[in-house]
Enquirer: 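Attaching a single structure in structure tokens format; questions to follow.
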Amino acid sequence: MALTLGLYGLNLHACADPRASARIAALAEELGYDSLWAGDHVVLPSPRTDPSPLDPRAPFLDAVVSLAHLAAATERIALGTGVIVLPQRNPLILAKQLASVDVLSGGRLVFGLAAGYLEPELRALGVPPGERGTRTEEHLAAIRSLWYDDAPAFHGRHADFAGVDAHPRPVRRPVPVVMGGHGPAALRRAAREADGWYGWMLGRHAAADAVALLRAAEREAGRDRPLHVSVSPPRPPDAGSVRTYAAVGVDRLIVVPPMGVPLGDLERFVRAHAPAEVGAVPAG
């Protein structure tokens, strides 16, 4: 089974500098990575508390704005949100922003999203944690209506509109949707609504278990095609782990560089773990 590599973190730490992110993006494209991924947190708890992933003072650019910048620095590589916390975003504004990225990149957007987990962030943005799931589903349906319907409209509890439109529409139709989240509800939502699934910090055994649960959710949902599976492993890939992840049904490893390293070290990491170096399939 062929497995490709993506690269995570193109909007934080060293890559919060626009020249650095452009340099790493172009390098990753040259080395055969198939995708670049920008994470998403609008705000972080201060002071940091578990389970927050970062110190709130860490440089962390907006994911969508960053992808527009990366689109100008690259030509072929896919550009993914990894992942947008969808319930805390206005769906019409986000639809406009993401469609603009897809147009500017010539159809390279991958829309990664999840319901979120960081309660202080959700509450600060006016989202009751208990409404995460319903907001996620409504917002995704609203975005799709604005992207694809001749007369966009949606009437729900958390999004309600008609008699409006927005152009240009995305170049890529449909834009691939990748759903994050490890819980049963997230897996069922992915099986119903998405084209792919993204597992975060999963070792080989955890990835195998997750894929098995995902396939069961697909059968329950009556899917005709399996979800494309992306996983960020807790350790850098090597030839052995690439073979193991591929064998359990993972299609793409999204590589997470060490956090907070200088640009030179980041560049060396990207080169050392390129597809050709670890036995993955180069893009293109």
Side-chain angles (χ1 to χ4, degrees), residues 1-39 53-54 63 66-67 69-83 105 108-110 112 176 178 180 196-208 210-211 227-284:
M1 180 178 179
L3 183 150
T4 62
L5 297 187
L7 183 64
Y8 177 84
L10 271 290
N11 62 328
L12 69 152
H13 291 301
C15 284
D17 179 284
R19 291 165 296 185
S21 59
R23 177 173 165 181
I24 294 299
L27 175 64
E29 184 171 68
E30 176 188 338
L31 293 172
Y33 289 83
D34 77 341
S35 51
L36 303 172
W37 297 79
L54 291 169
S66 296
L67 292 186
H69 169 63
L70 298 175
T74 55
E75 296 179 353
R76 303 175 306 279
I77 196 165
L79 305 171
T81 54
V83 290
S105 67
R108 292 186 279 144
L109 175 68
V110 179
V178 174
W197 177 77
Y198 185 175
W200 178 252
M201 292 291 114
L202 296 182
R204 306 173 199 186
H205 298 299
V211 171
L227 289 159
H228 184 277
V229 175
S230 298
V231 166
S232 279
R235 288 180 289 277
D238 56 30
S241 66
V242 164
R243 288 192 296 270
T244 301
Y245 278 105
V248 302
V250 174
D251 300 295
R252 175 196 290 127
L253 290 179
I254 301 176
V255 181
V256 180
M259 295 292 176
V261 300
L263 177 59
D265 291 346
L266 177 58
E267 182 173 337
R268 284 186 285 275
F269 177 92
V270 172
R271 290 186 182 276
H273 298 93
E277 301 298 324
V278 299
V281 177

Enquirer: Identify the two heavy atoms, one from A206 and one from L202, that lie closest to each other, and give their separation to 0.1 Å.
Expert: CB-CD2, 4.1 Å
Enquirer: So V256 and I254, do their side chains get closer than 4.5 Å, heavy atoms only?
Expert: no
Enquirer: Minimum heavy-atom separation for V278 and A272, please, with both atom names.
Expert: CG1-O, 4.4 Å
Enquirer: Output all residues satisfying side-chain hydrogen bond (donor to acceptor under 3.5 Å, both in side chains) with S21, sequence neighbours left out; order by chain, then residue number.
Expert: H69
Enquirer: Does the side chain of P237 reach to within under 4.5 Å of the side chain of V255, using non-hydrogen atoms?
Expert: yes
Enquirer: Are any side-chain N or O atoms of T81 and backbone N or O atoms of G112, one a donor and one an acceptor, separated by less than 3.5 Å?
Expert: yes
Enquirer: Are L253 and V242 packed together at the side-chain level, in the sense that at least one heavy-atom pair is separated by less than 4.5 angstrom?
Expert: yes
Enquirer: Could you pull out the closest heavy-atom pair between A63 and A38, with the gap in Å?
Expert: CB-O, 3.8 Å
Enquirer: According to salt bridge (Lys or Arg N to Asp or Glu O under 4.0 Å), who are the partners of E29, at least two apart in sequence or on a separate chain?
Expert: none
Enquirer: Roughly how far, to the nearest 0.5 Å, is the CG atom of L67 from the CG atom of L79?
Expert: 5.5 Å
Enquirer: For a quick test of your reading: what N or O donor-acceptor pairs under 3.5 Å do the side chains of residues 9-16 make, sequence neighbours left out?
Expert:
from, atom 1, to, atom 2, distance (Å)
N11, OD1, G39, N, 3.2
N11, ND2, G39, O, 2.9
N11, ND2, L61, O, 2.8

Enquirer: Please say which of W37, W200, Y198 ends up in a ring pair (Phe, Tyr, Trp, His ring centres under 6.0 Å) with Y8.
Expert: W200
Enquirer: Among all residues two or more places apart in sequence or in another chain, which pass the side-chain contact (heavy atoms from CB on, under 4.5 Å) test with A78?
Expert: S35, V110
Enquirer: Output all residues satisfying salt bridge (Lys or Arg N to Asp or Glu O under 4.0 Å) with R23, sequence neighbours left out; order by chain, then residue number.
Expert: E267
Enquirer: If every non-hydrogen atom of P233 is compared with every non-hydrogen atom of V231, which pair is closest and at what distance?
Expert: CD-O, 3.4 Å
Enquirer: I'd like to check the salt bridge (Lys or Arg N to Asp or Glu O under 4.0 Å) partners of R108; sequence neighbours left out, ordered by chain and number.
Expert: none
Enquirer: Which heavy-atom pair separates V229 from G249 by the least distance, and what is that distance?
Expert: CB-O, 3.7 Å
Enquirer: Quick check against the 3.5 Å criterion: does Y33 have a side-chain atom that pairs as donor or acceptor with the backbone of V270?
Expert: yes
Enquirer: Return each pair, listed once, that meets salt bridge (charged side-chain N to carboxylate O under 4.0 Å, His left out) where at least one residue sits in residues 74-83; pairs must be two or more places apart or across chains.
Expert: none
Enquirer: Sequence neighbours excluded, which residues qualify as side-chain contact (heavy atoms from CB on, under 4.5 Å) partners of P257?
Expert: L7, L266, F269
Enquirer: Looking only at non-hydrogen atoms, find the nearest pair between L227 and G196 and report the distance.
Expert: CD2-N, 3.5 Å
Enquirer: Take I24 and L263 through the test side chain to side chain contact (heavy atoms under 4.5 Å, CB included) and record every step on the way to the result.
Expert: CA-CA 9 Å; I24 294 299; L263 177 59; 3.9 Å; yes
Enquirer: For the residue pair R271 and L27, establish whether any side-chain heavy-atom pair is separated by less than 4.5 Å.
Expert: yes
Enquirer: Report the residues that fulfil salt bridge (Lys or Arg N to Asp or Glu O under 4.0 Å) with R235, sequence neighbours left out, ordered by chain and then residue number.
Expert: none
Enquirer: Can you list every pair that meets salt bridge (charged side-chain N to carboxylate O under 4.0 Å, His left out) and has a residue in residues 4-20, with sequence neighbours left out?
Expert: D17-R19
Enquirer: Once side-chain hydrogen bond (donor to acceptor under 3.5 Å, both in side chains) is applied, do any residues pair with S241, and if so which ones, sequence neighbours excluded?
Expert: D238
Enquirer: Applying side-chain hydrogen bond (donor to acceptor under 3.5 Å, both in side chains), name anything that partners S230, two or more places apart in sequence or on another chain.
Expert: R252
